[in-house]
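To start, the structure under review is shown below, and the notes come after it.
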Amino acid sequence: MKTVQPYKRIVVLTGAGISAESGIATFRDKDGLWAKYDISEVATPEAFARNPRKVLDFYNMRRRDVLGALPNAAHAALARLERTAGLDVLIVTQNVDPLHERAGTQKLIHMHGRLLSAWCTACDDKQAWDQDISLETTCRSCSAIGHMRPDIVWFGEMPYQMDTIDDALAEADLFVSIGTSGNVYPAAGFVQTARRFGAHTVELNLEPSEGTSLFHQRRHGKASEIVPAFVAELTSGEK
């Protein structure tokens with residue numbers, strides 16, 4: 001048996017592929033959301049300004065889809081990894097679903113926002129939200145009407161907590177990318193940043209991503225199978 005490098009500071013990036021087995025639609029697969037909806041009509045600030053009702057309806061649909069969703073074995077494995085003594089683990093997710101939290105993950109950044117959160121542009125308050133949002137919705141904080149939007153980072157907007165993510169990548173000795181297409185920036189560039197600062201890099205994906213050649217190690221298969229197996233190796237010290 002070969003001893004695994006004793007990593008201490010781990011950054012894990014997750015994408016739509018980790019939640020697909022929980023019944024949440026991916027984006028870029030042939031049957032994904034972007035095959036059914038035009039990004040420019042439902043996922044940009046310009047679309048919201050032009051037709052807010054259409055954008056709100058799209059995110060109301062997506063919010064309802066995740067309300068009853070349950071985490072799968074991959075989410076549970078990452079929560080176990082976080083609880084492992086001696087490890088500093090940060091989960092950075094591109095996903096806007098709540099499955100990492102439901103699995104028990106504590107140290108988590110939703111870089112693209114959260115479906116179960118709403119943002120009032122009148123008072124800048126962000127609040128937990130599990131109901132539909134309409135043009136008549138009232139902010140619970142300031143009582144303004146018609147200023148609520150999904151707390152989602154749309155195309156053309158800056159992802160959340162990028163400074164914190166960049167600092168974590170610079171300090172990581174292991175970077176793991178799970179269930180991502182490798183073509184959405186800035187997340188697609190995380191592997192290069194991590195490598196530049198000396199981290200070992202691993203891709204766990206259903207199939208090779210567009211940036212698969214940038215990783216030191218690659219494993220392909222269902223997230224619910226390969227993620228628990230990888231976490232078991234890290235936490236047992238053997239492979």
Side-chain angles (χ1 to χ4, degrees), residues 4-19 26-28 39 43-45 74-75 77-79 81-84 86-101 103-117 119 124-126 150-205 208-219 223 227 230-231 234:
V4 174
Q5 170 71 28
Y7 301 110
K8 297 297 183 184
R9 301 182 69 86
I10 302 172
V11 175
V12 180
L13 171 69
T14 66
I18 197 172
S19 295
T26 59
F27 292 90
R28 298 176 184 278
I39 292 173
T44 69
H75 297 100
L78 293 180
L81 180 66
E82 182 188 54
R83 295 193 296 268
T84 302
L87 294 184
D88 181 358
V89 180
L90 172 65
I91 307 297
V92 179
T93 187
Q94 297 172 278
N95 298 338
V96 294
D97 64 59
L99 298 189
H100 282 300
E101 296 96 314
T105 292
Q106 299 292 316
K107 192 175 179 182
L108 173 67
I109 292 176
H110 277 277
M111 65 179 294
H112 291 162
R114 298 183 298 130
L115 280 172
L116 299 186
S117 177
W119 176 13
D124 201 34
D125 185 51
K126 295 177 180 179
D151 184 13
I152 299 293
V153 176
W154 288 324
F155 289 91
E157 296 181 328
M158 179 63 68
Y160 294 153
Q161 300 189 53
M162 284 303 301
D163 288 345
T164 300
I165 295 170
D166 286 341
D167 289 345
L169 290 170
E171 297 174 358
D173 48 27
L174 175 64
F175 171 72
V176 185
S177 177
I178 302 172
T180 66
S181 62
N183 61 4
V184 179
Y185 284 84
F190 289 175
V191 58
Q192 294 166 300
T193 301
R195 284 192 66 147
R196 186 165 68 249
F197 285 98
H200 183 67
T201 57
V202 179
E203 174 175 86
L204 305 177
N205 214 14
S209 71
E210 289 193 10
T212 192
S213 63
L214 298 172
F215 291 87
H216 294 107
Q217 183 180 352
R218 297 167 290 276
R219 299 186 188 182
V227 175
F230 184 75
V231 168
L234 288 179

Run the side-chain donor-acceptor check on residues 158-165: report pairs under 3.5 Å with partners two or more places apart or on a different chain.
residue: Y160; atom: OH; partner: K126; partner atom: NZ; Å: 3.0
residue: Y160; atom: OH; partner: D151; partner atom: OD1; Å: 2.6

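- Between F175 and V202, the closest side-chain pair of non-hydrogen atoms is not below 4.5 Å.
- The side chain to side chain contact (heavy atoms under 4.5 Å, CB included) test applied to R83 returns A79, R80, not counting sequence neighbours.
- When all heavy atoms are compared, the tightest approach of A223 to A74 is O-CB, 3.5 Å.
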Which pairs of donor and acceptor atoms, one on a side chain in residues 107-115, lie under 3.5 Å apart (sequence neighbours left out)?
residue: K107; atom: NZ; partner: D88; partner atom: OD1; Å: 2.6
residue: H110; atom: ND1; partner: N95; partner atom: O; Å: 2.8
residue: H110; atom: NE2; partner: E101; partner atom: OE1; Å: 3.3
residue: H110; atom: NE2; partner: E101; partner atom: OE2; Å: 2.8
residue: H112; atom: ND1; partner: Q94; partner atom: O; Å: 3.2

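- Ring geometry for H100 versus H75: interplanar angle over 60°, hence perpendicular rather than tilted (30 to 60°).
- Checking D124 against W119 by side-chain atom types alone, a donor-acceptor pair falls below 3.5 Å.
- Nearest heavy atoms, L99 versus D97: N-OD1, 3.0 Å.
- Formation of a donor-acceptor pair under 3.5 Å by the D173 side chain with backbone atoms of R9 is found in this model.
- Residues forming a side chain to side chain contact (heavy atoms under 4.5 Å, CB included) with D167 (at least two apart in sequence, or on another chain): none.
- Here I91 contributes atom CD1 and Q106 contributes atom CD; the two are 11.5 Å apart, rounded to the nearest 0.5 Å.
- Panel note: side chain N205, backbone I178; no donor-acceptor pair is recorded below 3.5 Å.
- The side-chain heavy atoms of H200 and Q217, taken from C-beta on, include a pair separated by under 4.5 Å.
- Scanning for side chain to side chain contact (heavy atoms under 4.5 Å, CB included) contacts around P45 gives W154, E157, with sequence neighbours left out.
- Between V11 and L174 there is no side-chain heavy-atom pair separated by less than 4.5 Å.
- Using modelled atom types and a 3.5 Å distance limit, the side chains of T212 and S209 yield no donor-acceptor pair.
- Proximity of L234 to L81: side-chain heavy atoms (C-beta onward) are separated by under 4.5 Å at one or more points.
- The two residues V227 and A77 come nearest to each other via the heavy atoms CG1-CB, 4.2 Å.
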request  = Let me see the working for L116 and V96 under side-chain contact (heavy atoms from CB on, under 4.5 Å), right down to the final yes or no.
outcome  = CA-CA 8 Å; L116 299 186; V96 294; over 6 Å; no

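- Two residues are said to be in side-chain contact when any heavy atoms from C-beta on lie closer than 4.5 Å; T14 and L78 meet this criterion.
- The shortest distance between side-chain heavy atoms of F197 and L169 does not fall below 4.5 Å.
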Run the side-chain donor-acceptor check on residues 188-196: report pairs under 3.5 Å with partners two or more places apart or on a different chain.
residue: T193; atom: OG1; partner: G189; partner atom: O; Å: 3.4
residue: R195; atom: NH1; partner: L214; partner atom: O; Å: 2.6
residue: R195; atom: NH2; partner: H216; partner atom: NE2; Å: 3.4

